[in-house]
Every structure is written in structure tokens, then in C-alpha cells.
Participant: 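I am attaching a structure below and will ask some questions about it afterwards.
What's counted below: heavy atoms across the whole structure, side chains too, no hydrogens, waters or symmetry copies. Please read all numbers here as calculations on a predicted model, not as lab measurements. Here is how names work: the chains are called A, B, and so on, in the same order as the sequence lines, proteins then strands, and each is numbered from 1.
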There are 2 protein chains.
Amino acid sequence: MLLQPSSKRTTCGTADEVSGLRMTRQRQEVYRVLLAQRDHPTANDVFMRVKDGLPNISLATVYNCLEALVAHNLVRQVNFEREPSRYCPNLEEHGHFHDQGTGVIHDVKFKPGITLADVLELPRGAVIQDVEINLRGQLRLA
Amino acid sequence: MLLQPSSKRTTCGTADEVSGLRMTRQRQEVYRVLLAQRDHPTANDVFMRVKDGLPNISLATVYNCLEALVAHNLVRQVNFEREPSRYCPNLEEHGHFHDQGTGVIHDVKFKPGITLADVLELPRGAVIQDVEINLRGQLRLA
DNA sequence: CCCGATAGCAAGAATTATTCTAAATTCATG
DNA sequence: CATGAATTTAGAATAATTCTTGCTATCGGG
């Protein structure tokens with residue numbers, strides 16, 4: 001899923017868009033950085049990485065870009081406790097395991113064929129829009 | 001030495017501890033407020049409620065009390081997105097469903113006999129200390 | 001009962017991730 | 001090219017939470 005400032009496919013008069021989002025240089029670079037190193041960086045981490053390619057970018061812009069990417073479902077925002085938000089380009093439904101020993105956050109997939117309703121006693125009539133599963137623990141390797 | 005219930009001081013008397021936590025007047029009141037209205041209040045909500053009984057309590061103390069209660073596993077801290085933390089005296093393992101329509105947070109129980117390992121592909125050797133499950137959605141009542 | 005030590009409290013200042021503001025720039029489109 | 005909308009930027013503002021400081025209450029030992 002490489003993003004490219006693709007050819008001018010101007011249906012209604014718009015230009016290079018991904019998921020209806022105009023792909024500016026800054027958004028491109030923020031997205032590229034997220035794909036390049038999938039270690040759940042914070043906004044500030046992203047800021048520092050993006051500065052290599054765009055030395056004049058501002059932190060506010062990084063926040064703007066991340067917000068735009070999240071709003072257009074290209075990136076997920078991951079909140080852990082009250083820590084700074086982290087960002088994740090893995091769009092599959094998944095949870096996160098935060099290893100307290102190393103600080104590393106691992107993606108955790110659902111077992112195949114499992115749905116939330118199999119697991120939880122949801123309120124009647126509940127329509128779920130978004131699921132967040134966060135685990136904290138240690139990796140005790142044998 | 002004979003001890004009579006001292007009528008002068010607080011009704012709670014001396015040095016009673018719960019889970020190794022000294023139960024001061026302030027901690028008692030914070031805890032009581034949480035038990036009385038289980039609507040997942042924020043620290044500030046708790047502050048306002050506690051002021052009825054303890055008009056001189058400070059917000060910092062409410063934070064301290066909540067922290068102490070959480071540390072001693074009498075209360076759970078619930079974090080939703082980047083919103084202010086909420087507090088919950090329900091100690092059963094459970095998740096939270098945040099109804100976007102009303103803003104109400106509902107506790108969500110696991111179905112009986114379900115364990116995390118049934119559902120998630122945990123990393124090998126992962127020892128889970130804490131689980132957080134947050135759902136966002138709407139209640140569409142038929 | 002007295003004393004020193006410790007824990008807890010209150011008030012306000014500090015911290016910090018994030019959002020907002022306003023001005024400048026870029027870009028799409030006519 | 002002109003125009004208006006979207007985007008970027010730098011810095012100020014916001015707000016939940018934490019920290020600091022000085023004070024008070026409580027505990028344990030003589």
C-alpha cells in the first residue's frame with residue numbers, strides 16, 4: 001500500500017487524494033514515517049523523524065496531519081492510560097500489549113472467527129463504532 | 001488501658017485500614033461518593049460531590065485520594081481516549097461501553113467462561129497484569 | 001502524657017500533551 | 001492570472017494532572 005501522489009484523477013475537480021484526503025507534502029511525509037517504522041511513535045516522535053525530510057515542519061502541523069490521517073482512517077490513534085497518544089498504521093482490528101519491561105507496544109490480533117459479541121455481554125441495541133483493547137504486562141520469555 | 005469511643009473526633013476513630021490503606025476522612029468520603037453514584041465520575045465530579053460533606057477538601061487531595069484508592073485496588077481508573085480519567089468502584093474485570101448519544105458509560109461484563117487467551121493471539125510468554133477494553137458506539141433501541 | 005517521626009492535607013504553582021489563533025502560504029479552479 | 005479555500009506555521013492558550021511547600025493530624029515509643 002504505497003502512497004503516491006498519483007496521477008490527476010480529477011472527477012469533480014479535486015486533485016491527489018487518498019481516501020478523500022488531499023495528500024500534501026507534510027501529510028505524505030508523516031504517513032511515510034509511520035509506515036517506515038511501526039513502533040507506535042508519539043506525535044513528538046513523528047515530529048522528530050519527519051524533520052529529517054522536512055526540516056521546517058512544525059509540531060502543530062504534525063498534529064494536524066495525524067488528525068487528518070486518523071479522521072480518514074489511514075492511521076489509528078492508540079491511547080494508553082494517560083500517556084501521550086501513539087499512532088499506528090495497522091488498520092486491521094487489533095489490540096495492543098504494552099510490555100512494561102521494555103516499553104515496547106505489540107499489536108495483538110484477534111483469533112480468527114471471534115467477534116466481540118461472542119465475548120462481551122453488550123447492552124441491548126448497542127452498535128459498536130470503535131473498539132480499544134489495551135493490555136499491560138510483562139514478557140516472561142522461558 | 002480502656003478505650004472509649006471518643007466522641008470528640010471523627011466518627012471513624014483511629015488507624016483503621018482497608019487493604020493496608022489508612023482510611024482518613026477524605027479517603028473515606030471520596031470512596032463513599034464513588035460507591036453512592038456509580039456513573040464513572042471524573043476527578044472533578046468527585047471533587048464537587050465530596051464538597052457537600054467536606055467543604056474544605058481540595059482538588060489535589062481528591063486526586064491524592066483517588067490515586068491511593070486505585071493503588072490499593074479499591075477503585076479502578078478508566079481512561080477513555082484522551083478524556084479526563086474516570087473512576088469506578090466496580091472491581092470485577094469488565095470493559096466499558098461509551099454511548100456517544102448520551103455520554104453515559106456502561107459497564108460491560110465478559111461472558112462467563114471467557115478468557116483473554118481464547119480471544120486474542122497473545123505474544124508468547126506474555127503475562128497480563130491489566131486489561132482495558134473500551135467500546136464506543138450508540139444505543140439504537142428498537 | 002509528651003515527643004519526635006511520619007503521613008496526609010491544602011493552596012497554589014508548575015508541567016505538559018494538545019489545541020487554538022492569526023497570519024502567511026499553497027493550491028485548485030474559474 | 002485572480003480568487004477563495006485549505007493548509008501550514010509559530011507561538012499563545014488550555015486543561016488535566018502533578019508537584020511543592022508549609023501546615024496539621026496521627027502514630028509509636030518512652
Participant: Would you kindly give the CD-to-P distance between E81(A) and dA16(D), to the nearest whole Å?
Facilitator: 19 Å
Participant: So H94(B) and H96(B), ring-ring contact (aromatic ring centres under 6.0 Å, His included) or not? Walk me through it.
Facilitator: CA-CA 7 Å; H94(B) 67 283; H96(B) 293 99; 4.6 Å; yes
Participant: Mind jotting down which residue pairs meet the side-chain hydrogen bond (donor to acceptor under 3.5 Å, both in side chains) criterion with at least one end in residues 63-74 of chain B? Sequence neighbours excluded, please.
Facilitator: none
Participant: From CE of M23(A) over to C1' of dT7(D), roughly how many Å is that when rounded to an integer?
Facilitator: 14 Å
Participant: Under the 3.5 angstrom rule, does the side chain of D130(B) hit a backbone N or O of G137(A) as a donor-acceptor pair?
Facilitator: no
Participant: Could you encode protein contacts along nucleotides 11-22 of chain C as a string, one character per nucleotide from 5' to 3', using B for base contact, S for sugar-phosphate-only contact and - for no contact, with a heavy-atom cut-off of under 4.0 Å?
Facilitator: BB----SSBB--
Participant: Does the plane of the ring in F97(B) sit parallel, tilted or perpendicular to the ring in H106(B)? Use 30° and 60° as the thresholds.
Facilitator: tilted
Participant: K111(A) side chain to A117(B) main-chain N or O, any donor-acceptor pair under 3.5 Å?
Facilitator: yes
Participant: Can you tell me how far the CZ atom of R82(A) sits from the OG atom of S85(B), to the nearest 0.5 Å?
Facilitator: 4.0 Å
Participant: Does dT26(C) have OP1 or OP2 under 4.0 Å away from a side-chain N or O of Q26(A)?
Facilitator: no
Participant: To the nearest Å, give me how far apart CZ (F47(B)) and C1' (dT18(D)) are.
Facilitator: 16 Å
Participant: Could you give the CG-to-P distance, from D45(B) to dT17(D), as a whole number of Å?
Facilitator: 11 Å
Participant: Which whole-number value in Å describes the distance from L54(A) CG to dT7(D) P?
Facilitator: 16 Å
Participant: Rounding to a whole Å, what distance do you find between L21(B):CG and dT26(D):C1'?
Facilitator: 15 Å
Participant: Send over the distance from R27(A) CZ to dA6(D) P, rounded to a whole Å.
Facilitator: 11 Å
Participant: Determine: side-chain N/O of R22(B) to OP1/OP2 of dT26(D), distance under 4.0 Å, yes or no.
Facilitator: no
